[in-house]
Amino acid sequence: MKWSQTLIPTLKESPSEAEIDSHKLMIRAGLIRRITAGAYAYLPLGTLVLNKVITIVREEMNRAGAIEVFLPALQHLDLLKESGRLKVFGADLITFQDRHGKETVLSPTHEEVITYIVKNEINSYKQLPITLYQIQTKFRDEMRPRFGVLRSKEFIMKDAYSFDIDEKGLNNSYQLMYDAYCRIFDRCGLDYIIAEADSGAMGGDASHEFMVPSPVGEDILILCQNCGYSANRERAESAPFSPQENPSKEKVKEIFTPGKHTIAEVSDFLKVNPMQMVKTLIYSSHDQLFAVLLRGDHEVNETRLAGVLGLDSVELANLETIERVTGAKTGFAGPVGLKMKIVADHAVAAKSNFVTGANKTDYHLLNVNPERDFKIDQVANIRYVTKGDNCPRCNHVLEISQGIEIGHVFKLGTKYSIALKAHYLDADGKEKPKIMGCYGIGVNRIIAAIIEKSHDDNGIIWPMSLAPYHIIIIPVNVKDSICMDAAKDIYDDIRAMNGIDVLFDDRDLRPGVKFKDADLIGIPIKIIIGKKYTETKEVEIKLRKSGEVSFVRMENVRQELERILKNQTKI
RNA sequence: CGGGGCGUAGCGCAGUUUGGCUAGCGCGCCUGCCUUGGGAGCAGGAGGUCGGAGGUUCAAAUCCUCUCGCCCCGACCA
């Protein structure tokens with residue numbers, strides 16, 4: 001492609017709309033332009049990269065035996081009602097009424113649609129297993145789109161869905177996708193971490209997130225550098241604290257703490273470290289009340305809490321309920337004398353002589369001890385991991401970092417197949433629900449993640465596999481016909497090479513501008529034809545990543561390129 | 001959705017507090033000259049509903065009311 005014939009609008013200055021490097025560079029390098037909040041146009045260069053990612057994804061999905069389909073972006077609201085996810089997505093759904101008044105939704109995801117199809121078209125165990133996938137735009141009315149294509153209202157996702165006759169089949173399908181994901185991200189040149197994840201709104205029981213560690217990532221990642229344990233914030237647990245040996249249990253003392261109802265206020269007032277305090281949260285689930293005890297500096301993980309109690313959801317009790325069951329204003333709840341089930345975090349069970357609410361307005365208790373002063377009904381890991389926690393597997397200190405979620409695999413089980421009645425007949429003629437898995441990849445996010453991890457002050461540094469063009473040819477002076485003819489010859493020669501995309505910067509601009517642009521748009525290999533060519537018939541080949549330079553004669557250009565392409569790690 | 005900020009040429013911004021010449025600057029763009037190895041120089045030029053609507057005033061980018069859009073922090077989130 002000749003630069004003069006395509007559209008690559010590079011910018012010298014960073015646009016004010018962008019905060020993070022990948023976003024700035026995607027705009028400056030002319031990959032994207034914002035059309036409205038959370039929706040971006042892909043310009044020619046961006047489209048080339050997008051298609052490279054999609055090609056890799058498609059090749060690996062096909063290799064793993066998945067079958068491509070293409071589902072509509074429009075969906076009838078009833079399908080989401082039937083699966084119960086209308087509420088789950090809530091205001092994130094982009095809905096409208098068609099001219100007949102029918103409620104229609106721009107699909108945020110396609111579990112229901114695919115299940116509907118498979119329910120109708122696949123009825124026998126003989127047709128299973130099957131994994132179907134598509135590459136489609138999804139629509140979610142994000143409360144706050146940000147960071148360019150990292151969080152947008154409209155984004156491209158590869159979503160795959162597996163259907164099996166039993167658990168064993170699901171495990172096999174899951175593993176196939178898991179392995180395919182590794183190959184995809186490897187080919188994209190991404191360094192990623194596979195974290196254990198909670199299945200969240202998707203439902204189901206096993207899940208992994210593929211994360212690219214990055215300070216701009218919006219997901220929290222818990223890592224153990226020692227044994228490799230990694231999990232997302234919802235899922236991660238920590239090693240229980242060992243209780244103090246033979247603690248001398250002091251006498252309980254009631255203390256006047258007027259108007260001090262937060263941990264911070266009480267801690268400040270009594271000059272007690274929050275670690276030495278225990279907070280009591282009254283929770284409810286389907287009208288059942290229970291108390292949750294946490295160390296003052298810890299935070300409850302409601303997902304884990306519901307999980308360990310075997311409940312589908314839990315929620316904090318309302319103010320009136322709290323005041324009724326504790327007999328005190330909120331902020332003074334405590335476990336002593338409380339008449340309900342008490343669930344305590346490991347960290348609380350290991351403590352002695354702590355400070356907690358007295359169930360009496362404006363009073364707290366000092367030196368409270370479990371067993372002696374109150375009974376814990378259940379001890380469990382029900383909080384978020386915090387700094388200083390240790391690995392649940394090897395007890396090494398855990399690291400808390402951030403990551404960009406680029407892929408997610410779930411074992412769904414029968415959640416949707418039961419809700420939407422997607423059954424099959426087994427060999428005995430018995431009707432059973434299909435066992436499902438679902439697998440997503442954020443296509444646009446891969447691009448942002450790569451740029452986030454692979455750029456310098458001059459611009460993007462593409463890996464060979466995603467580069468919009470592998471090679472850029474730069475004649476230093478387009479008016480010098482000797483150089484220009486040589487450049488054209490090289491261009492024609494490279495265009496004849498298989499699988500190589502080449503950009504010819506034929507613009508009549510000063511060389512500095514062209515070098516800066518080439519660096520900005522991140523082309524891995526530059527071929528520069530300048531003064532040296534007229535003198536020695538040598539052209540310069542320069543690598544974007546390493547800066548490595550070599551001079552080669554015209555007739556050896558092709559050979560040198562082949563050598564470089566073989567040795568891709570340097571590029 | 002709560003809090004904060006911004007909207008002036010394609011991009012980045014000044015001017016708004018205290019209303020007053022023909023609305024400015026840098027980059028980019030067009031023409032010519034010159035130049036050709038890391039975002040050159042000179043000369044000339046095009047480009048503006050000052051986000052929109054209404055109001056106050058002799059006079060509004062500037063003051064008032066309403067409205068639309070965008071960004072940041074928080075909450076939210078496969």
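Being a predicted model, the structure only gives us computed values, none of them experimental. Labels below follow one simple rule: chain letters A, B, ... track the order of the sequence lines, proteins then strands, and each chain is numbered from 1. These numbers come from the heavy atoms of this one structure, side chains and all, not from hydrogens, waters or symmetry mates.
- Heavy atoms from other residues, nucleotides or ligands lying under 6.0 Å from CG of Asn318(A) number more than 12.
- Phosphate contact (OP1/OP2 of G38(B), side-chain N/O of Lys516(A), threshold under 4.0 Å): absent.
- To the nearest whole angstrom, the two C1' atoms, one in A53(B) and one in G7(B), are 16 Å apart.
- As a whole-Å value, the separation of Ile94(A) CD1 from C77(B) P is 18 Å.
- Salt bridge annotation for Arg146(A)-Glu218(A): present, with a cationic side-chain nitrogen under 4.0 angstrom from a carboxylate oxygen.
- One interatomic measurement links the two molecules: CH2 of Trp3(A) to P of G39(B), which rounds to 16 Å at whole-angstrom precision.
- Rounding to whole angstrom units, CZ of residue Arg151(A) and P of C72(B) are separated by 12 Å.
- Pairing for A60(B) is absent, with no Watson-Crick or G-U wobble pair whose two atom distances lie under 3.5 Å.
- Heavy atoms of Arg28(A) sit under 4.0 angstrom from at least one base atom.
- A donor N or O paired with an acceptor N or O is not found under 3.5 Å between the base of G37(B) and the side-chain atoms of Lys542(A).
- A donor-acceptor contact under 3.5 Å is not formed by the side chain of Arg146(A) with the base of C72(B).
- Pairing of G74(B), defined by two Watson-Crick or G-U wobble distances under 3.5 Å, is identified with C1(B).
- Base contact: Asp519(A) has a heavy atom under 4.0 Å from a base atom.
- Taking the six-membered ring for Trp and the full ring otherwise, Tyr178(A) and Phe210(A) have centroids separated by under 6.0 Å.
- Taking atom C1' on both G20(B) and A43(B), the two are 34 Å apart, rounded to the nearest angstrom.
- Contacts of Arg140(A) with the nucleic acid, taken as non-hydrogen atoms under 4.0 Å apart, include base atoms.
- If you take atom C1' in A61(B) and the same atom in C13(B), they sit 15 Å apart, rounded to whole Å.
- Checking U17(B) for Watson-Crick or G-U wobble geometry (two distances, each under 3.5 Å) identifies no partner in any strand.
- Asn301(A) has its CG atom 12 Å from the P atom of C77(B), to the nearest Å.
- Residue whose closest nucleotide on RNA chain B sits further toward the 5' end, between Gly38(A) and Glu540(A): Glu540(A).
- Note: CE (Met484(A)) to P (U36(B)) measures 17 Å, nearest angstrom.
- One P atom belongs to G26(B), the other to C66(B), and the distance between them is 39 Å to the nearest Å.
- The residues Arg553(A) and Glu555(A) are annotated as salt-bridged, a charged nitrogen and a carboxylate oxygen being separated by less than 4.0 angstrom.
- With sequence neighbours left out, Arg507(A) forms a salt bridge (Lys or Arg N to Asp or Glu O under 4.0 Å) with Asp505(A), Asp517(A).
- For the 3.5 Å distance criterion, the side chains of Ser83(A) and Glu111(A) fail to qualify, holding no donor opposite an acceptor.
- Pairing partner, G44(B): C30(B), with both Watson-Crick or wobble hydrogen-bond distances short of 3.5 Å.
- No contact: Lys514(A) has no heavy atom under 4.0 Å from any strand.
- Both Lys158(A) and Pro15(A) lie near RNA chain B, and the one whose nearest nucleotide falls closer to the 5' end is Pro15(A).
- Nucleotides C50(B) and G15(B), compared at atom C1', are 10 Å apart to the nearest Å.
- Residues Ser214(A) and Glu452(A) bring no donor and acceptor atom of their side chains to less than 3.5 Å of each other.
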### Task
Any chance you could list the contact pattern along nucleotides 23-35 of chain B? Use B for base contacts, S for sugar-phosphate-only contacts and - for none, protein heavy atoms under 4.0 Å, 5' to 3'.
---BSS------B

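- Checked against side-chain contact (heavy atoms from CB on, under 4.5 Å), Glu13(A) has no partners two or more places apart in sequence or in another chain.
- Nucleotide G7(B) forms a Watson-Crick or G-U wobble pair with C68(B), both donor-acceptor distances falling under 3.5 Å.
- Among the protein residues, Asp480(A) comes within range of no part of the nucleic acid, since none of its heavy atoms lies under 4.0 Å from any strand.
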Would you give me the side-chain donor-acceptor pairs under 3.5 Å for residues 522-532 of chain A, sequence neighbours excluded?
from: Lys526(A); atom 1: NZ; to: Asp519(A); atom 2: OD1; distance (Å): 2.5

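- Residues passing the side-chain contact (heavy atoms from CB on, under 4.5 Å) test with Ser152(A), sequence neighbours excluded: Phe155(A).
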## Note on the structure
Readout for nucleotides 42-47 of chain B: B = base within 4.0 Å of protein heavy atom, S = sugar-phosphate only, - = neither; 5' to 3' it is ------

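- Atom CG in Asp457(A) sits about 14 Å away from atom C1' in G38(B), given to the nearest Å.
- Neither side chain, Glu68(A) nor Gln134(A), offers a donor N or O lying under 3.5 Å from an acceptor on the other.
- Residue-level contact check: Ile474(A) touches neither bases nor backbone, having no heavy atom under 4.0 Å from any strand.
- A60(B) and C64(B) have their P atoms separated by 16 Å, given to the nearest Å.
- Dashed line: the shortest gap from a side-chain N or O of Ser16(A) to OP1 or OP2 of C71(B) is not under 4.0 Å.
- As judged by a 4.0 angstrom heavy-atom cut-off over every strand, Glu142(A) is placed among residues making no nucleic acid contact.
- Comparing atom distances between the Met143(A) side chain and each of A75(B), U36(B), C71(B) picks out A75(B) as nearest.
- The distance between atom NE2 of His408(A) and atom C1' of C77(B), rounded to the nearest whole Å, is 12 Å.
- The separation between Glu299(A) atom CD and A75(B) atom C1' is 13 Å, rounded to whole Å.
- On a pure distance criterion of 3.5 Å, no polar donor-acceptor pair joins the side chain of Asn458(A) and the base of G38(B).
- Residues His408(A) and Ser207(A) bring a donor and an acceptor atom of their side chains to less than 3.5 Å of each other.
- The separation of A14(B) from C63(B), taken at their P atoms, amounts to 16 Å, rounded to a whole angstrom.
- Among Asp186(A), Ile184(A), Ile441(A), the single residue meeting the side chain to side chain contact (heavy atoms under 4.5 Å, CB included) criterion with Glu60(A) is Ile184(A).
- For the P atom pair drawn from G51(B) and G32(B), the interatomic distance equals 36 Å after rounding to whole Å.
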